[in-house]
Amino acid sequence: MASIQDIQQDIIDEFDMFEEWMGKYEHIIDLGKSLPLIEEQFKTKDNLIKGCQSRVWLHAQHKDGKVIYTADSDAIMTKGIIALLVRAFSEQKAQDIVEADTDFINQIGLKEQLSPTRANGLVSMVKQMKLYALAFQSQN
Amino acid sequence: MASIQDIQQDIIDEFDMFEEWMGKYEHIIDLGKSLPLIEEQFKTKDNLIKGCQSRVWLHAQHKDGKVIYTADSDAIMTKGIIALLVRAFSEQKAQDIVEADTDFINQIGLKEQLSPTRANGLVSMVKQMKLYALAFQSQN
Amino acid sequence: MIDVNDIRHQFPTLHQEVNGHPLVYLDNGATTHKPQVVIDAISHYYEKLNSNIHRGVHFLSQQATDAYEASRETIRQHLNAQHLHEIIFTKGNTEAINLVANGFRQILQEGDEVLVSAMEHHSNIVPWQMACQSSSATLKVIPMDEMGVLDMDSYKNLLSDKTKVVAVNHISNALGTINPVKQMIQWAHEVGAAVLIDGAQAGPHCSIDVQDLDADFYCISGHKVYGPTGIGALYGKEEWLKKLPPYQGGGEMIATVSFDKTTYADLPHKFEAGTPNIAGGIALKTAIDWINQIGLDNIVSYEKELVDYATEELSKIEGIRFIGQAQEKAGVISFIVGDIHPYDMGMILDKLGVAVRTGHHCAQPVMDQFCIPGTVRASFAVYNTKEDVNRLVEGVIKAQTMLS
Amino acid sequence: MIDVNDIRHQFPTLHQEVNGHPLVYLDNGATTHKPQVVIDAISHYYEKLNSNIHRGVHFLSQQATDAYEASRETIRQHLNAQHLHEIIFTKGNTEAINLVANGFRQILQEGDEVLVSAMEHHSNIVPWQMACQSSSATLKVIPMDEMGVLDMDSYKNLLSDKTKVVAVNHISNALGTINPVKQMIQWAHEVGAAVLIDGAQAGPHCSIDVQDLDADFYCISGHKVYGPTGIGALYGKEEWLKKLPPYQGGGEMIATVSFDKTTYADLPHKFEAGTPNIAGGIALKTAIDWINQIGLDNIVSYEKELVDYATEELSKIEGIRFIGQAQEKAGVISFIVGDIHPYDMGMILDKLGVAVRTGHHCAQPVMDQFCIPGTVRASFAVYNTKEDVNRLVEGVIKAQTMLS
Ligand SMILES: Cc1ncc(COP(=O)(O)O)c(C=O)c1O
Ligand SMILES: Cc1ncc(COP(=O)(O)O)c(C=O)c1O
C-alpha cells in the first residue's frame with residue numbers, strides 16, 4: 001500500500017489534469033459512482049455525519065493494524081468526495097491517519113469549487129475519519 | 001363672550017405678530033404663566049391626559065349652559081398651549097365646542113414648531129375637550 | 001404592462017457574472033433583490049435622518065419618526081387594514097408568527113386545538129408546536145393531496161369548537177400552491193377560531209386585502225417584497241391585538257414602569273419593544289411604493305406568463321417530476337429530475353450561473369410526504385425573463401447529462 | 001490620538017443645519033450616527049451580495065453567508081468570547097435580554113430571585129418582570145445612592161442561594177455610571193447565580209472582555225456602536241446557551257422538523273430563527289472594525305476629556321443639578337436646571353440646533369428615586385467637539401432665560 005502522502009500526491013496530479021470545473025466535477029462524479037458501497041447494516045443513524053443537504057454514512061473498522069473506511073451518500077457528488085477521502089485514508093495505520101496532513105484538499109482546488117456547506121461537510125468528514133483513527137489508536 | 005371663531009381669529013392675529021419661533025415660544029411661555037390653575041382636587045388621575053413627557057390635567061364642568069375648562073401641566077410650554085385652548089373653548093356652549101373648527105392651530109404655525117409628540121399631545125387635548133363637550137351636550 | 005428591461009436596470013445585483021456566466025437569479029422565494037430606490041432610501045436615512053424614534057423631541061428624531069410612521073401607513077393601505085395601529089413592525093415573518101403564537105400560549109388550554117397545514121414553512125410550524133407544548137393544546141395537521149393541494153373536506157372535518165387557531169400560508173414557498181384562504185377563514189370563524197395567514201410568499205405575488213379576507217393575523221416579510229432584510233409587518237385585528245399579551249418587554253412598549261407594577265402602552269407600541277430596524281422600516285415603504293408603481297396586477301400576470309413558460313419548457317425534460325401541481329400556483333416551480341439528488345443539480349446549475357434553491361425549503365414535512373430528500377426550486381420575480389428560463393432549462397439538461 | 005475633524009468628515013449626518021443652526025448632536029446614548037464606510041457596507045451588500053444565507057448552495061448565498069459569518073467572528077474577537085458559536089445575532093439589546101429572560105422562565109422556580117439594579121433601562125426590567133411573573137420567582141432591586149452609585153453592601157446582602165440571575169447594565173444610559181460589573185459577577189457566581197450584563201452603553205464607551213469579566217451573558221446594540229439599526233449581538237457562555245431553551249421557532253433554528261417531533265439545531269442557530277437582518281449583520285462588522293481602527297482607548301480618553309469639559313462648563317450655570325455623579329462615569333451627562341421642565345428645555349435647545357434627549361430615558365424608576373419628571377441628557381460620541389459643548393452651554397443658558 002502506498003503511503004498517505006503518495007496517494008494524496010496522486011490525487012493532486014489527477015486533478016491537475018482538469019483545468020475547468022467541469023472536468024473536476026465529472027471526475028468527482030465518476031469517483032462517486034465507483035465508491036465501494038457501505039454495507040446496508042452500517043447505514044445507521046450513528047454512522048450518519050451531520051451534513052447539510054445530503055446524507056453521509058461513514059463506517060470504520062480496524063483490521064490487521066489498518067483502518068478500513070466504507071461510506072455512502074445519497075448525493076453523487078458527495079459520494080465522489082468521500083471516495084477521494086476513503087482512497088486517501090483507508091487501509092492505512094491509525095497513527096498515520098491521525099498525523100496526516102490534509103492540505104491536499106486545498107491543493108486540488110476543490111474547496112473553492114464547492115459550496116461552503118459542502119466544504120464544511122468535507123471538513124467534518126475528514127474530522128470524523130481522524131476521530132475514528134484516534135479511537136482505534138488509543139485502543140492499542 | 002366672543003364666539004369661538006372670533007377668539008381663534010384673535011389668537012391667529014396675535015401669533016402673526018411674531019415672525020420668529022422665539023417670539024412665538026416666549027408668547028406661549030407667557031400664556032403658560034398666566035393660566036388659571038386647576039384646583040388641586042381636580043389634579044386626579046382621571047383628569048390626566050396621556051401625553052408624552054409632560055403631564056396635563058384637564059377638568060371640565062358645565063355651568064349655566066357653558067363648559068368651563070381648567071387645566072394645568074408640569075411643563076410651562078405645555079401649559080401655554082393649553083392656555084390657548086382653554087381661551088378658545090372655555091365658557092362656550094357645548095354644542096359650539098363640538099362643532100368648532102380647529103384649524104386655527106395650523107394657522108398659528110404652532111404645529112410645525114412643536115415636536116410631533118407635543119403636536120400629538122395638542123391633538124389629544126383638543127380631542128379631550130371636545131369629548132367633554134359632547135358628553136355635556138348629550139346630557140341635555 | 002411590464003417593461004422588464006427597464007425594471008432590470010433598477011436592480012444592481014442582477015448585473016454581475018457568477019462563475020463566468022451572467023447571473024440568472026431564480027431564488028426569489030428566499031429573498032428578492034432590491035431596486036436602487038430602496039437601497040437609496042436606506043442610505044438616505046443614514047445620511048440625513050438617522051436618529052432614534054418616538055422618544056426624541058429634537059428635529060432629526062421627529063423626521064425619522066415621521067418617516068417610520070409614514071411607512072406604517074403605507075403598509076396599512078397596502079394590506080387594506082382598517083386601523084393604523086393594527087400594523088406592527090417585526091423583524092420578519094418568523095418573528096411575527098412567534099409573536100402571535102407566544103401570545104396564544106396564555107390563551108390556549110388543554111384540549112384546545114391548533115391547526116396548521118401540511119405545507120407550512122417551519123416558521124409556521126415550530127412556534128405553534130412550542131405554544132401547544134407549553135399550554136397542553138394539540139397541534140393538528142390539515143392534509144394535502146399528491147398535487148400539493150389542501151384537502152378541504154379534511155379541513156372541514158378537523159374544525160370544531162376545540163379549534164382555537166388556524167395557521168396557514170397564503171402561498172406555499174415549497175410548492176407554489178395558492179391556498180383558498182378566504183374560504184378557510186370563513187369556516188374557521190364559524191367555529192370561533194382565529195386565523196393567522198403567513199403571507200411571506202403572497203407579499204410579492206398577489207394583492208392582499210385583510211378586510212376582504214377577514215384575516216385575524218396576516219404577516220409579510222420585507223426582504224421578500226423587494227425591501228430590506230430584518231423588517232416585516234404583522235397585521236392583527238384590533239380586538240385580537242388588544243387581547244394578546246405583549247411579546248417582548250422593553251422600551252416603547254410600556255406606559256409606566258416601576259418595580260412593583262408595569263403598565264403596557266397602547267397599540268401598536270405594546271408589541272414594539274426596543275429600538276426597531278428604523279432604516280429597514282423606512283425603506284420598506286419605498287419597496288411597497290415601488291411595487292405599487294409597477295402594479296401588482298401587472299406583476300401577477302407577467303409572472304404567470306413566466307411560470308407557465310418555464311413549466312412548459314421544463315416538462316420536455318425526460319424524467320422531470322414537478323412537486324406541487326396545483327391549479328392555483330404562483331411564483332415557484334419545484335421539481336426533481338430522475339433520481340438525481342437536488343443538491344447535485346443545484347451545484348452544477350450554480351456553476352452555470354443559475355441560482356436556484358435546493359433542499360427542503362424549510363418545509364421538511366412536505367418532503368417527507370413526497371418521500372424525497374428535497375427539490376430544486378426555481379422561484380420568480382418581476383425582473384426575471386424568458387431568457388432566464390431558457391438558461392435554467394439548458395442548465396438542468398446539462399446537469400442531467402453530467403450526473404446520469 | 002483623535003483627529004476629530006477627520007472623524008467628523010466621515011459622518012454625513014453631522015453636516016446639516018437644523019432649525020437654521022449647524023447641528024450639534026448630543027443624543028448618542030439613543031443612537032450614534034454612522035460613518036460612511038458603514039453606510040457603504042450596507043449598499044454594497046444590497047448591490048452586490050444580496051441573498052439569503054446559510055441555506056443556499058449558490059454563489060451569492062455563499063458570499064453573503066461568508067460575510068455574515070465573518071461579522072460573527074469580528075464580534076467574537078471584539079468581546080473576546082471563547083467560541084464563535086457563543087455569539088448570537090439579535091435585533092438589539094431589547095431582544096437579547098428578552099431571549100435570555102424568556103429562557104429563564106423555564107428555569108426559574110417559585111422562591112427563586114432575580115436581581116436587577118435601580119438604574120436599569122426598561123429593557124432590562126420588564127423582561128425580568130415577565131419572567132418572574134410566569135415562573136412565580138421574585139424580582140429584587142439593588143438600590144443606588146443619591147450620587148447614582150449602586151450600593152454594594154446592599155447588593156451583597158441581597159445575594160443568596162435563592163438568587164438565580166443578576167441583570168445589570170455595564171454603563172447606565174440615564175446616569176452614565178460605570179458599574180463595577182466584574183466584582184458583581186464574581187459575587188453572584190459565589191452564590192451560583194448567572195449574570196447578564198446589558199452592555200448597550202458600554203459598547204461605544206469602553207472595551208469589553210467577556211472572559212475577563214466572566215459574564216454569563218453580555219449584549220450590545222449595533223445602532224449604538226456606529227452600526228446599523230435592527231442588529232445587535234448577544235454573547236452567552238456555551239454552557240448557558242446549551243441549557244436555555246430556544247427562543248423563537250422557525251427556519252434555521254431546527255435540525256429536523258416533523259409534526260411529531262422537532263429537534264433543535266446546534267449553537268448559534270438554535271437562537272437564530274428566520275431570515276436575519278443580513279445587511280445589518282454584515283455592516284456591524286464594518287462598524288466594529290471602524291471603532292478598532294480608531295482605537296477604543298483613544299475614544300475613551302477623548303470622550304472623557306469632553307465629558308469633563310462639559311461638566312465643568314455646565315457647573316457654572318446657576319441652579320443646575322447633575323443627576324448621576326458617580327466617580328466612574330462615561331458618555332452621559334444628565335441634568336436639570338432649577339425647576340425648568342426638561343421637556344421645555346429640550347424644545348428650546350432643539351430650536352437652537354442642539355439635539356439632546358429629555359425625559360425618563362426609559363429608566364423611570366431612576367426618575368422616581370430622584371423625584372423628578374426626567375432630565376436633560378447630553379450624551380457623547382467620538383465625533384463631538386468642545387465647540388458642541390459650548391453650543392450646549394449657550395443653549396441651556398438661553399433656555400433658562402426664556403423659561404424663568
Ligand atoms: C442601557 C440600555 N439598555 C438597553 C437598551 C435597549 O437597546 P435597544 O433599544 O437597542 O434594544 C438601551 C438603549 O436604549 C440602553 O441604553
Ligand atoms: C411561507 C414562508 N413562511 C415564513 C417564512 C419565514 O420568513 P422570514 O425568514 O423572513 O422570517 C418564509 C421565508 O423563508 C416563507 O417562505
Side-chain angles (χ1 to χ4, degrees), chain C residues 12-13 18-19 27 30-31 33-34 39 42-43 46-48 50-52 55-60 91-92 94-95 98 122-123 125-127 129-130 141 223 228-230 248-251 254 256-259 262 273-280 346-347 350 355 357-359 362 364-365 368, chain D residues 12-13 18-19 27 30-31 33-34 39 42-43 46-48 50-52 55-60 91-92 94-95 98 122-123 125-127 129-130 141 223 228-230 248-251 254 256-259 262 273-280 346-347 350 355 357-359 362 364-365 368:
Chain C
T13 334
V18 156
N19 294 321
D27 192 18
T31 200
H33 291 302
K34 322 304 170 199
I39 304 172
I42 298 170
S43 305
Y46 284 121
E47 288 172 4
K48 297 282 178 223
N50 178 64
S51 206
N52 213 325
R55 285 168 270 175
V57 287
H58 60 78
F59 182 79
L60 288 185
K91 187 157 77 171
T94 302
E95 179 172 84
N98 277 277
H122 294 163
S123 291
I125 299 174
V126 186
Q129 286 181 324
M130 289 161 72
V141 183
H223 70 98
T229 55
Q248 299 185 333
I254 45 83
T256 57
V257 170
S258 76
F259 291 113
T262 288
T275 305
N277 183 348
I278 305 173
M347 287 205 60
D350 178 49
R357 182 130 309 210
T358 62
C362 293
Q364 221 168 295
D368 293 348
Chain D
T13 335
V18 156
N19 295 320
D27 192 17
T31 201
H33 292 301
K34 321 305 170 199
I39 305 173
I42 298 170
S43 304
Y46 284 122
E47 287 173 3
K48 296 285 178 221
N50 177 65
S51 205
N52 214 325
R55 285 168 272 175
V57 288
H58 60 77
F59 181 79
L60 288 185
K91 188 158 78 172
T94 302
E95 180 173 82
N98 276 277
H122 294 164
S123 292
I125 299 174
V126 187
Q129 287 181 323
M130 290 161 72
V141 183
H223 69 99
T229 55
Q248 299 185 333
I254 43 84
T256 56
V257 169
S258 75
F259 290 113
T262 288
T275 305
N277 183 347
I278 305 172
M347 287 205 60
D350 178 50
R357 182 131 308 209
T358 63
C362 292
Q364 221 168 296
D368 293 348

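Only this structure's heavy atoms are used, side chains among them; waters, hydrogens and symmetry mates stay out. Throughout, a chain's letter reflects where its sequence line sits, starting with A, and its residues are numbered from 1.
- Only the backbone of D:Pro276 comes within contact range of chain C, with at least one heavy atom under 4.5 Å from a heavy atom of that chain.
- Heavy-atom pairs under 4.5 Å with chain C were tallied for D:Val18, D:Thr229, D:Ile125, D:Asp368; the largest tally goes to D:Thr229.
- Contact tally against chain D (heavy-atom pairs below 4.5 Å) for C:Gly249, C:Ser51, C:Ser123: the top residue is C:Gly249.
- For the options C:Thr262, C:Val126, C:Thr94, C:Val257, heavy-atom pairs under 4.5 Å to chain D are most numerous at C:Val257.
- Applying the side-chain hydrogen bond (donor to acceptor under 3.5 Å, both in side chains) rule to D:Thr358 yields the partners B:Gln53; only residues at least two apart in sequence or on another chain are considered.
- With sequence neighbours left out, the side-chain hydrogen bond (donor to acceptor under 3.5 Å, both in side chains) criterion links C:Thr275 to C:Asn52, D:His223.
- Options C:Thr31, C:Asp27, C:Asp350 differ in how many heavy-atom pairs under 4.5 Å they form with chain D, and the most are formed by C:Asp350.
- Of the atoms belonging to D:Asn277, heavy atoms from both backbone and side chain fall under 4.5 Å from chain C.
- Heavy-atom distances place the side chain of C:Val141, and not its backbone, under 4.5 Å from chain D.
- For the set D:Leu60, D:Asn50, D:Thr256, D:Ile42, the entry with the most heavy-atom pairs within less than 4.5 Å of chain C is D:Asn50.
- Panel note: side chain D:His122, backbone D:Gln364; a donor-acceptor pair is recorded below 3.5 Å.
- At a 4.5 Å heavy-atom cutoff, the contact between C:Ile278 and chain D is made by backbone and side-chain atoms alike.
- Only the side chain of D:Ile254 comes within contact range of chain C, with at least one heavy atom under 4.5 Å from a heavy atom of that chain.
- Interface residue C:Gln129: only side-chain heavy atoms are found under 4.5 Å from chain D.
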